[in-house]
Amino acid sequence: MTSQTSGSPTSQIVRFAGDSGDGIQLQGAQFTHASALSGHDLATFPDFPAEIRAPAGTRFGVSAFQIQFGSNRVTTPGDAPDVLVAFNPAALVVNLPRLPKGALIIADASAFTEQRLRRADLDANPMEDGSLADYRVCAIDIAQLTLEAVKPFGLGTKDSQRCKNFWALGLVLWMFDQPREPTVAWIRARFRANQALLDANLAALNAGHAYGETAELGRELTQRHVPEAPLKAIEYRTITGAEALALGIVAAGELADTEVMFCSYPITPASSLLHHLVGLEDAGVTTYQAEDEIAAVCSAIGASYAGKFGITSSSGPGIALKTEALGLAVATELPLLVVNSQRAGPSTGMPTKTEQSDLYQAVYGRNADSPIPVIAARSPGDCFEVAIEASRIALRHMTPVILLTDGYIANASELWPLPDIDAFAPIPTNRPGPADTPESRPVYARDPATEARLWLAPGDSAYLYRVGGIEKDFYTGDISYEAANHQRMTDMRARKLARVADFIPDQTVELGDEMGLAVVAWGSTYGAVYQAVRLAREEGIAVAHIHLRHINPLPSNLGELLGRYDTVLVPELNTGQLATVLRDRLLINCVQINQVSGQPFAVSTLLNHLRAHATVRLQEVRHG
Amino acid sequence: MTSQTSGSPTSQIVRFAGDSGDGIQLQGAQFTHASALSGHDLATFPDFPAEIRAPAGTRFGVSAFQIQFGSNRVTTPGDAPDVLVAFNPAALVVNLPRLPKGALIIADASAFTEQRLRRADLDANPMEDGSLADYRVCAIDIAQLTLEAVKPFGLGTKDSQRCKNFWALGLVLWMFDQPREPTVAWIRARFRANQALLDANLAALNAGHAYGETAELGRELTQRHVPEAPLKAIEYRTITGAEALALGIVAAGELADTEVMFCSYPITPASSLLHHLVGLEDAGVTTYQAEDEIAAVCSAIGASYAGKFGITSSSGPGIALKTEALGLAVATELPLLVVNSQRAGPSTGMPTKTEQSDLYQAVYGRNADSPIPVIAARSPGDCFEVAIEASRIALRHMTPVILLTDGYIANASELWPLPDIDAFAPIPTNRPGPADTPESRPVYARDPATEARLWLAPGDSAYLYRVGGIEKDFYTGDISYEAANHQRMTDMRARKLARVADFIPDQTVELGDEMGLAVVAWGSTYGAVYQAVRLAREEGIAVAHIHLRHINPLPSNLGELLGRYDTVLVPELNTGQLATVLRDRLLINCVQINQVSGQPFAVSTLLNHLRAHATVRLQEVRHG
Amino acid sequence: MAEAIVRKDYASDQEVRWCPGCGDYSILKAVHRALADAGADPHNTVFVSGIGCSSRLPYYVNTYGFHTIHGRAPTIATGVKLANPALDVWVITGDGDGLSIGGNHLLHALRRNIDLNILLFNNEIYGLTKGQYSPTSREGTRSPTSPGGSLDQPVVPGLFAVGAGATFIARAVDIDQKGLPGILNAGRDHKGTAFIEILQNCIVYNEDVWQSVSSKKTAADHQVLCVHGEPLLFGKERTQGLRLNLATLKLEAVTLGENGIDISDILVHDETSTTLAHLLLSMHSPLPTPMGIIHRRPTASFEQAFREKKTGQRRQRVKQLLRRGDLLDRR
Amino acid sequence: MAEAIVRKDYASDQEVRWCPGCGDYSILKAVHRALADAGADPHNTVFVSGIGCSSRLPYYVNTYGFHTIHGRAPTIATGVKLANPALDVWVITGDGDGLSIGGNHLLHALRRNIDLNILLFNNEIYGLTKGQYSPTSREGTRSPTSPGGSLDQPVVPGLFAVGAGATFIARAVDIDQKGLPGILNAGRDHKGTAFIEILQNCIVYNEDVWQSVSSKKTAADHQVLCVHGEPLLFGKERTQGLRLNLATLKLEAVTLGENGIDISDILVHDETSTTLAHLLLSMHSPLPTPMGIIHRRPTASFEQAFREKKTGQRRQRVKQLLRRGDLLDRR
Ligand SMILES: Cc1ncc(C[n+]2csc(CCOP(=O)(O)OP(=O)(O)O)c2C)c(N)n1
Ligand SMILES: Cc1ncc(C[n+]2csc(CCOP(=O)(O)OP(=O)(O)O)c2C)c(N)n1
Ligand code: SF4
Ligand code: SF4
Ligand SMILES: [Mg+2]
Ligand SMILES: [Mg+2]
């Protein structure tokens, strides 16, 4: 955050921006990789347009990738880039508002032609009209230099031009003293089948790097080495939320010794989870692309009825379609995991933008009294553990569970310490044992600790049973319209949810002590809240960060914990949905901080709120 | 409630029970009619089985109809029948638990054969084994007496048997000194085409009546005259909730000078609303039976886009399916009325039983921040006004509105003072005037009082516009992915909901003063809560009844009003959904009273809760 | 199951709750009979249904059963079958459940050709919700929602199935205790999705809509039983037959012996031909209603390709996946 | 609109946002052209779409437009048309939107035969969600969700429409600027639901899947243009034709002049025959792909029966209704 502009900064924020066709996301991913292998902590944020391939050079077609990397703990991709790499006028002008004064702009000078300025709705050339006076501008003829570098390999102009992302990457890698090796390896693998492209891309990468080393760029472009982060685990990799969630699902199946059936229908930004899970049959996961979201959730319910662990996934509008079927899963008490990768709404809204506005839907959004546990992931890497935890609840308590993540988490990446799956406790399921019979253990016998019913599946030759969405007799499971029975079943369902709280850990405090302000947050705001609280504490504000994983039910100690603070702040990327849950469940008065713009919180925004609400000052400035 | 068993009671509760095939509902309806024409206030409750035509004589096949009528204000069908008319052993045994000691049982003695006792799972004959010792039993050979009465008309045994409901009705009409004329007229109209049936049914009716007059029934069967109620309006009719809702919709269309298109898909207990609206094209309503609930809500949205007022209706599971489309209606800001006739759940649950458990779904149950006004009907007759009020909000504020009613209200009936439609204020719509142009009044110009946009429809030759579920630019309505714009639109949508509160009346107190206990309720619990509060006040408990029509937004004065009481009790037929809304919006601590059994509250249940929570005593016993 | 099982072993202990006289009783009986004939193992048999009177059937069959939600039975059955392909999975649906709200799932089940045995009880009405017209109701049907007669052109279930690419299409009458069990088992034996339309009498809301086809007196004249390889004859004396009119490209009824028509003029049923299925199912009164196995063609069912590649070393594989990509090793 | 309107008058002021080279551009152009040819009044024209790349089209047409939600366009369009039958209502959908999530609504729209002009852009892929296989993708299609090749048997849109009872079925190629506008207007003129499948190239995720049918070089051999009353001929020199094989009940290709085949052996296109539609749409490679107006039969459209009975005295009628039933008069 408090990055310096030269020398040895503790962290740096770099943003790459250009057309979708410019390979921005690839460039970002490669830079992330190099950064990770340099031992930096990091967080990234791909920010692509809604269009598949928007017309080149337009403002709405700008694709961007931002990374923050550093030697401190990095939890967000950062508010304000230290360096912007802009491949065309649109990329420059769209991103300018984010840049702090003094930031470095590396621009492809050859792209600032009159025609392309017009494509970007610009009347004047910002490189010339003084509008960049507050920044350090380094205009390089990237396209031209790339063409020269790849000339020996005899590519056409189009293919040659396409190498410019690697040229720029080479330059930026030089700038931050980061290794080219992973990118070299990637290029070799990717273009194995086409030697000319392989050679050309390598040449571009090296040329960009050499340019940094040799060109006399003066003050604008100096090399800055970011020191390594003091990492604790032994092995790391970079991971996106979608990947981590996929791996968590794979691991959960294995921990439960249960085959997983993942049933879904594509929707942005949830599709990537399906993409990551396809082809993992040998890891116990089969995938099924259904004709719509209703079919997806229902086939998952069918799979769970048949003894596999059914999982479905979608985004808000698709989850809405699954609502009726979730009621069936509640009524029939089948394990089911429902993943919601939230996006900005209402309705189609802004599918590629992020939001946390499906919490109401998850907690309250069904007809009838249909309690469902809700759990949320806070960061890309956290998705792994959360997937396991959610699966554990679903299988142990014989219930559908909703797991909330969002478009930001799905696409963002971070450095992730490799988990040891052997260290996770196995996930118990409620299947009958080989000696169980309907007499020794009746179909609707309930586990007293969880109220879970037996998980019976067709093919089991000891049992035979029928189930459905009509109210069941508490004891026999037969259809029942009895008043007292419905009350008993309703109470049981409420208890079943409440029991989950007996199995989840007490809420802990992420950062800070038990005094002054408490910031209670959930989901993908984790990184920004964490940083804001850390900075506020450095300023002497008594503030703690409490981050919820379990939202329904809430951890049993939460009410008591929050009671120790003067003020509870609840920052959310919605109009105040967790705040509603806290008022509902704990009757606490909280101060809402809401942003609904499709963008993650800026750390600075949150910090300002913390300053405004500060009550107590820390005795001495500490470093949280 | 405090009915006496003979003489001139102020009110009486009669329950008819038998097989579906016995014509119980018809009998009930006719008795209701006679009661109304006698000038009684009344409330009824049909209680039919889930099966279309369950096998005769079974317990689960019992159909019942309960009515309370009297000279006091009657708001519920009553807890405990003074008189039970039972056509077979199953009808007797199933209803026995409801009967207070000393109640009168009129049973068809000829139905207590060994075979039919067995059908009702009875080992012994309750008429003989002393189990009816606490009641006054009047066993009459109704089937036999009916056969004799209709013998002259040469019907077959089956048809002759079918007349027995009229025989019994004749007897009960005699008992309460109520007129036969409306029933005679009904029989004449119904059996116009079949003189034998007409004569036979009339004969049965008269025979039953004569039996009461002439037979020496002694103590058991005495005539008791219930005095007229001091009614205030001039003209009355009996009406069910479904009928009143249909009439309200018809009236709303007329008040708004707008054609109505009602699009629905059958589901219990919502279908009757569709049935009542079919064929009213000449009153400005067209109906459309769609292929499913999604198609129903979408065609209603299409109709609203095209300038008619689109309305859709369903029950919980069907409303769940409409959720995604409701988001579209929110995003496109089209008027839409969504009627939910709630039933017991989750999932298929108990479709013929009542519940108030879709409030969460109505208020919070959508993805993204998608505020929708929610309004609830309290009684059959109230549906009329509520339908008009809901339509008014939808059309004035250009928004979908959810109207909550339930299976109880839909089927129950009450005495209803005929409304004067001319006395209702016209419903304003936001259509452009003939002089408006896109220049003088742009497509997305908003009414400052409501934030409502213009209601433009294809066919309008001054305008042309396109709209969709993607976020729109606040000013132009074009697609926009801008962060600041999304925030502006989200704020506008929140404000739009809040603005509704400026147009709804302040919350009033139904009964009682501003001290002691406040009972805050909504929907169909109205009658029971009203009675319980009245009785509690008669006992000297300081308690007030506050009944909400507007739930989202709440009336502006509600928080302040509730602040005046010591304790706020919230009785609901769910696990505490209004209580959540009150905590969320007003941060008030309330005591929940919840029943989720598929049955309406008994007045006595509520009264006990009031006694338990009583804080202040009234200075003197008053009569609320 | 060691001992021989008989029909009543397949009846569950639940009280049957249809209206007295409902055609569903006969179908239930035929289902019990079919299971007994096939010697089906109840523990490996699953009945999945939607919502409607028809969809109550699973409660009454002593196998595994799942009474789900309206219109979604094919999707849940798909999940069941894909999760455990060894199961014998039956789907019970109605004309409303399967063709109104559930039409899309039926389409996709048929197109994917998963090995399900789908029984659609067609009473041309919504029974459970008290008699509104359904997508199969004939034009002009009077009902609570169409007191003036319905306007919609009905869908013909079999034609719809042809359009969806179904590999097995059959039709039978509820009360046909002789023929129905065999057709049910033909569907059961078919590898792929079998679609069986059963003409069912709703005695309360649509009585006798199938009268002419189902009553003993008139059946012979009003139905033509399709048997693969046999000429398409009908009538009490089987003196009438079907012929393809090349001018209209439609089937027409002809009488043997009249106008020089003999048996060689009569179309022979070819159950593998989708064109013939289309022709047969496009017939309107006064032409007879085609019954029996109208279409059947051998195919591989979906789940045969949808295979799990099991490995003995799942945990190893999971560990491998966790380590996929470049690692930063801090040792 | 007093003055003559030309194609570009139908273009809206919104920036078109498809991928460069996408077939949707050509279709948009043809739509503008068709509207101009028909002299359509923009104020009485509505384009309703679902979600997908294809469904963006309404933004680019200078009429009324409604970009709705995934798969539901036919239902919303139905509401629009029933609310105001005077409107000219077009539906824009894709193979995913119309046949995956929206298949049921398409079925019911076609069966009800409401006067809508439905354009299904078939690129055999989900474009907007980045290239997953769709219900029309050929078996074995590799995509992010089927890296090993898709398993599902695809649905043939036209055959599905036949099964649904459609009264107008046509097929055209995106880039056919000559033929497409005419077909669009034929659909527009049809009273009832017109179903027009447009073979569309998704240059990013399913490039050239229609290559053989659409490219100038090969089109003549790979498509047969169906024109009512004309023989079904194809090939560069129109020397090949279709004939009904009575043994297989399938169409077969024959060459004029070979084996004694002459023009009288060739089937003449009868657009009113559903059987012929079935036969044509059932053809597989190497037989040609049928294009043009494959089926059209005159019918009354639904909304012609769905009439309002307006009365001048609505308030009077409302008052009457309020007083229906016996009244208790307390005067
Ligand atoms: C989501 C949903 N919508 C509507 C219903 C109401 N519903 C129950 S059964 C049914 C129709 C049943 O018709 P069909 O499938 O023909 O069955 P039948 O009763 O005639 O056997 C309807 C509309 C429901 N249960 N759920
Ligand atoms: C309810 C819902 N489910 C899923 C999606 C995601 N989605 C958007 S478009 C689409 C498929 C589009 O395919 P197609 O109709 O073929 O259109 P194309 O992009 O190929 O033109 C999907 C799955 C959505 N927007 N809404
Ligand atoms: S309503 Fe009809 S279909 Fe339903 S059980 Fe009764 S007779 Fe059978
Ligand atoms: S993804 Fe395909 S269908 Fe979509 S705009 Fe691009 S080329 Fe066209
Ligand atoms: Mg039916
Ligand atoms: Mg497509």
Side-chain angles (χ1 to χ4, degrees), chain A residues 33 36-37 39 182 185 231 233-239 247 250-251 254 259 261 263 280-284 286 288 290-292 294-295 298-308 310 324-325 327-328 332 415 418-419 421-422 457-461 463-470 478-479, chain C residues 12 14 17 41-49 51 58-59 61-84 86-87 89 104-105 107-108 306-311 313-315 317-331:
Chain A
H33 226 56
L37 290 184
L231 301 173
I234 289 172
E235 288 179 304
Y236 289 84
R237 59 178 285 197
T238 57
I239 200 153
L247 290 174
V250 166
E254 163 63 9
E259 300 281 317
M261 193 161 130
C263 307
L280 300 188
E281 288 85 356
D282 55 359
T286 47
Y288 171 66
E291 60 269 26
D292 66 11
I294 299 177
C298 286
S299 50
I301 290 173
S304 286
Y305 176 73
K308 279 199 178 183
E324 189 205 3
L328 179 67
T332 55
L415 200 65
L418 278 200
I421 182 174
D422 296 332
D460 183 320
S461 58
Y463 288 85
L464 260 192
Y465 89 116
R466 288 156 293 279
V467 72
I470 298 185
D478 293 342
I479 290 181
Chain C
S12 77
Q14 302 295 299
R17 293 191 175 188
D41 176 358
H43 297 278
N44 282 313
T45 306
V46 189
F47 279 77
V48 180
S49 66
I51 298 286
Y59 290 116
V61 183
N62 198 26
T63 60
Y64 280 90
F66 198 171
H67 179 232
T68 70
I69 46 178
H70 197 33
R72 318 301 173 187
T75 66
I76 294 194
T78 294
V80 169
K81 184 72 186 179
L82 293 181
N84 185 353
L87 299 173
V89 183
N104 200 35
H105 307 305
L107 162 69
H108 288 280
F306 188 91
R307 270 273 149 267
E308 302 160 36
K309 287 166 249 153
K310 283 241 178 94
T311 159
Q313 305 183 306
R314 182 167 165 193
R315 179 151 302 210
R317 181 71 182 114
V318 174
K319 287 184 182 176
Q320 261 175 23
L321 287 172
L322 289 175
R323 303 174 63 81
R324 201 150 64 166
D326 289 303
L327 297 185
L328 166 65
D329 191 334
R330 302 279 300 180
R331 268 170 299 209

Taking every non-hydrogen atom, the tightest pair across [X] and [Y]:
| X | Y | answer |
| --- | --- | --- |
| A/Asp460 | C/Tyr64 | O-OH, 2.9 Å |
| C/Leu87 | A/Ala306 | CD1-CB, 4.5 Å |
| A/Ile421 | C/Arg315 | O-NH1, 3.9 Å |
| A/Leu37 | C/Leu327 | CD2-O, 3.5 Å |
| A/Cys298 | C/Arg72 | SG-CB, 3.7 Å |
| A/Pro458 | C/Val46 | CB-CG2, 3.5 Å |

Chain C contact via [X] - side chain, backbone, both or neither, heavy atoms under 4.5 Å:
| X | result |
| --- | --- |
| A/Ala295 | both |
| A/Ile239 | neither |
| A/Thr332 | side chain |
| A/Ala457 | backbone |

Considering residues at least two apart in sequence or located in another chain, which fulfil the salt bridge (Lys or Arg N to Asp or Glu O under 4.0 Å) criterion with C/Arg324? none

For a side chain to side chain donor-acceptor pair (under 3.5 Å) with A/Asp282, tell me which candidate from C/Arg317, C/Gln313, C/Gln320 qualifies. C/Arg317

Please tell me if the side chains of [X] and [Y] come closer than 4.5 Å, counting only heavy atoms from C-beta onward.
| X | Y | result |
| --- | --- | --- |
| A/Ile479 | C/Gln14 | no |
| A/Asp292 | C/His105 | yes |
| C/Asn62 | A/Arg466 | yes |
| C/Thr75 | A/Glu291 | yes |

Please round to the nearest 0.5 Å and tell me the distance separating atom [atom1] of [X] and atom [atom2] of [Y].
| X | Y | atom1 | atom2 | result |
| --- | --- | --- | --- | --- |
| A/Glu259 | C/Arg314 | CD | CZ | 5.0 Å |
| C/Leu328 | A/Leu418 | CG | CG | 9.5 Å |
| C/Asn84 | A/Met261 | CG | CE | 11.0 Å |
| A/Leu464 | C/His43 | CG | NE2 | 4.5 Å |

Please determine whether a side-chain nitrogen of the Lys or Arg among C/Arg323 and A/Glu235 lies less than 4.0 Å from a carboxylate oxygen of the Asp or Glu. yes

A/Ala303, A/Gly469, A/Ser461, A/Gly468: which one forms the most heavy-atom pairs within less than 4.5 Å of chain C?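 Option with the top pair count is A/Ser461.
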
Name the member of A/Val250, A/Leu231, A/Ile301, A/Leu280 that forms the most heavy-atom pairs with chain C at distances under 4.5 Å.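 Most pairs with chain C among the choices: A/Leu231.
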
Would you call the rings of C/Phe66 and A/Tyr305 parallel, tilted or perpendicular if under 30° counts as parallel and over 60° as perpendicular? tilted

Greatest number of heavy atom pairs closer than 4.5 Å to chain A - which of C/Leu107, C/Thr63, C/Ile51, C/Thr45: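 Highest number of heavy-atom pairs under 4.5 Å: C/Thr63.
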
Give, as side chain, backbone, both or neither, the part of C/Leu321 having an atom under 4.5 angstrom from any heavy atom of chain A. both

Given that the side chain runs from C-beta out, which part of C/Val48 has a heavy atom under 4.5 Å from chain A: side chain, backbone, both or neither?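 The answer is neither part of C/Val48.
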
Apply the test side chain to side chain contact (heavy atoms under 4.5 Å, CB included) to residues C/Ile76 and A/Leu328: give CA-CA distance (whole Å), side-chain angles for both, the deciding distance (0.1 Å), then the verdict. CA-CA 11 Å; C/Ile76 294 194; A/Leu328 179 67; 3.7 Å; yes

